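Each chain gets a letter, A, B and so on, in the order its sequence line appears, and its residues count up from 1. Since we're looking at a predicted model, the values are computed, not measured. Atom set for the values below is all heavy atoms of this structure, side chains included, hydrogens, waters and symmetry mates excluded.
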2 protein chains.
Amino acid sequence: MSMPDRQPLKQLESTLSDEPIRRPGGRSARIRTAVLDATLAELADVGYDRLTVEAIAARSGVHKATLYRRWGGVDGLIADVLVRSAEQPWQVPDTGSLRDDLHAITRVIYMGFTDPEHGAVPRNLIVAALRSSQAARALTGFFETQHGLAAEVVTRAVRRGEAPEGTDAVDVVRTACAPLYYRLFVTGEPLEEVAAHRAAEAALAAAQAGAFVR
Amino acid sequence: MSMPDRQPLKQLESTLSDEPIRRPGGRSARIRTAVLDATLAELADVGYDRLTVEAIAARSGVHKATLYRRWGGVDGLIADVLVRSAEQPWQVPDTGSLRDDLHAITRVIYMGFTDPEHGAVPRNLIVAALRSSQAARALTGFFETQHGLAAEVVTRAVRRGEAPEGTDAVDVVRTACAPLYYRLFVTGEPLEEVAAHRAAEAALAAAQAGAFVR
DNA sequence: ATCATAACGCGACCTGTGTCGCATTATGAG
DNA sequence: CTCATAATGCGACACAGGTCGCGTTATGAT
């Protein structure tokens with residue numbers, strides 16, 4: 001699991017509240033780390049259904065009243081975990097070919113969610129975010145960021161002439177990713193590698209055919 | 001939090017269990033209708049977050065203990081609503097052209113969820129189903145049914161030679177629908193008509209390019 | 001029509017989430 | 001270092017969600 005990163009409470013403040021943080025010093029930061037780590041651990045262990053503030057409090061060694069005061073409840077905790085997760089950037093592929101880039105993207109998603117060892121963590125995190133209206137808002141921002149980053153591969157491809165001018169880069173990314181999330185979190189179908197492969201291939205074909213030209 | 005598994009879930013049993021229905025007579029049926037209607041109404045009014053068994057009991061005029069006995073809680077209610085909803089079939093388009101059929105499908109989805117008057121009902125229902133692990137299972141069955149029906153348009157198109165032999169019909173449908181559900185329920189982005197248009201166009205292009213050939 | 005009982009109504013009661021007031025500790029400024 | 005106070009610890013408790021036992025009503029078989 002990711003370890004002690006000392007982050008100022010700025011992010012939490014900017015997404016959850018407008019009030020200034022008065023004492024961003026050591027203790028608050030330590031408690032935030034401990035609590036969010038405990039939240040992720042609980043999430044991986046018991047999932048969202050049985051996720052309780054008390055268990056997180058016990059696991060982190062922080063009193064539950066503190067959790068309610070700072071995060072307001074389970075939803076706020078999930079949202080803050082998402083904020084922290086979104087801050088860890090990833091390497092956008094740049095293979096020189098749109099096909100390979102798209103395949104790399106869908107493959108990263110596929111691997112991340114289906115890894116038998118660590119896949120439960122992001123999977124349960126997304127499920128949890130989908131089940132909380134507050135965290136769902138944080139999730140929207142998360143995807144906006146990820147889409148923006150990933151769209152770069154399409155922008156480059158257009159410059160190389162691999163896709164028509166005027167192609168909506170983000171829409172290509174959406175089309176590539178959507179089937180994976182659709183299966184995992186909407187229809188509940190199993191996610192296999194061939195699905196990731198086909199999603200990338202479909203997005204590529206559609207982009208080349210000009211389906212995303214504005 | 002322990003749920004006695006041996007509860008008679010009545011109609012729900014026909015899809016989830018093998019237990020026989022002992023008294024399907026008038027009263028039980030009336031109560032089921034009243035309760036599920038109240039559930040949908042509450043869902044449309046207050047959404048899943050503020051959905052409570054007590055409110056549904058009050059609205060339907062049925063005692064809450066009865067609701068807990070028959071449905072086990074909010075999750076079971078949502079699941080049963082889904083089962084009842086899935087029983088109302090829809091007219092699969094058959095325009096003679098794969099492009100028009102796919103556009104008709106994505107358009108139906110778009111219209112159903114974005115209708116300013118009645119769109120909140122199916123929207124909140126899906127959200128509710130996504131937020132309950134029990135109802136999520138019912139949702140999986142729901143989509144399996146819908147996909148199977150919709151895939152017919154692709155099967156016919158293959159016969160007409162509009163798509164390559166060996167095309168995975170359901171995968172074409174998934175690719176057409178996924179971006180809509182992705183926006184609505186995963187990323188939380190607004191769903192506009194152009195998105196429905198592009199999704200159909202993308203699925204068509206990918207199918208014609210052979211991206212879904214097994 | 002009669003009867004056994006499935007299904008429901010009713011209200012008390014249990015459980016645990018979330019709140020509140022106050023005590024205690026840690027932080028940052030002077 | 002000292003001090004004001006932000007932040008957390010602590011336990012009591014209010015209250016909604018959910019359960020249970022029993023009485024009542026409706027159902028279907030005889």
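- Using modelled atom types, one side-chain atom of T140(B) and one backbone atom of T187(A) make a donor-acceptor pair closer than 3.5 Å.
- Note on R84(A) versus D37(A): salt bridge recorded, some NZ/NE/NH1/NH2 to OD/OE distance being below 4.0 Å.
- Side-chain N/O atoms of R50(A) include none lying less than 4.0 angstrom from OP1 or OP2 on dG16(C).
- The distance between atom CH2 of W71(B) and atom P of dA7(C), rounded to the nearest whole Å, is 12 Å.
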Using nucleotides 17-21 of chain C, report all nitrogen or oxygen pairs with the protein that are shorter than 3.5 Å.
from	atom 1	to	atom 2	distance (Å)
dT17(C)	OP2	E54(A)	OE1	3.3
dG18(C)	OP2	Y68(A)	OH	2.5
dG18(C)	O5'	Y68(A)	OH	3.3
dG18(C)	N7	K64(A)	NZ	2.8
dG18(C)	O6	K64(A)	NZ	3.1

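- Whole-Å rounding puts the L67(A) CG to dT8(D) C1' distance at 11 Å.
- Taken to the nearest 0.5 Å, the CD1 atom of I126(A) stands 4.5 Å off from the CZ atom of F143(A).
- The aromatic rings of Y182(B) and Y181(A) lie tilted to each other, with the angle between the two planes from 30° to 60°.
- Axis angle, first five pairs versus last five pairs of the helix from dT15(C)-dA16(D) to dG30(C)-dC1(D): 30°, rounded to 10°.
- Although no hydrogens or angles enter the test, the distance criterion places a donor-acceptor pair under 3.5 Å between the side chain of T155(B) and the main chain of A151(B).
- Ionic pairing of D80(B) and R70(B) is not present here: no N-O contact between side-chain nitrogen and carboxylate oxygen is shorter than 4.0 angstrom.
- A donor-acceptor distance shorter than 3.5 angstrom exists from the side chain of N124(A) to the backbone of L43(A), with no hydrogens or angles considered.
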Hey, can you pull the donor-acceptor pairs under 3.5 Å for the side chains in residues 196-205 of chain B, sequence neighbours left out?
from	atom 1	to	atom 2	distance (Å)
R198(B)	NH1	D168(A)	OD2	3.1
R198(B)	NH1	D171(A)	OD2	2.7
E201(B)	OE1	H103(B)	NE2	2.7
E201(B)	OE2	R99(B)	NE	3.0
E201(B)	OE2	R99(B)	NH2	2.6

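- In this model, the phosphate group of dT27(D) is approached by a side-chain N or O of R30(B) to a distance below 4.0 Å at OP1 or OP2.
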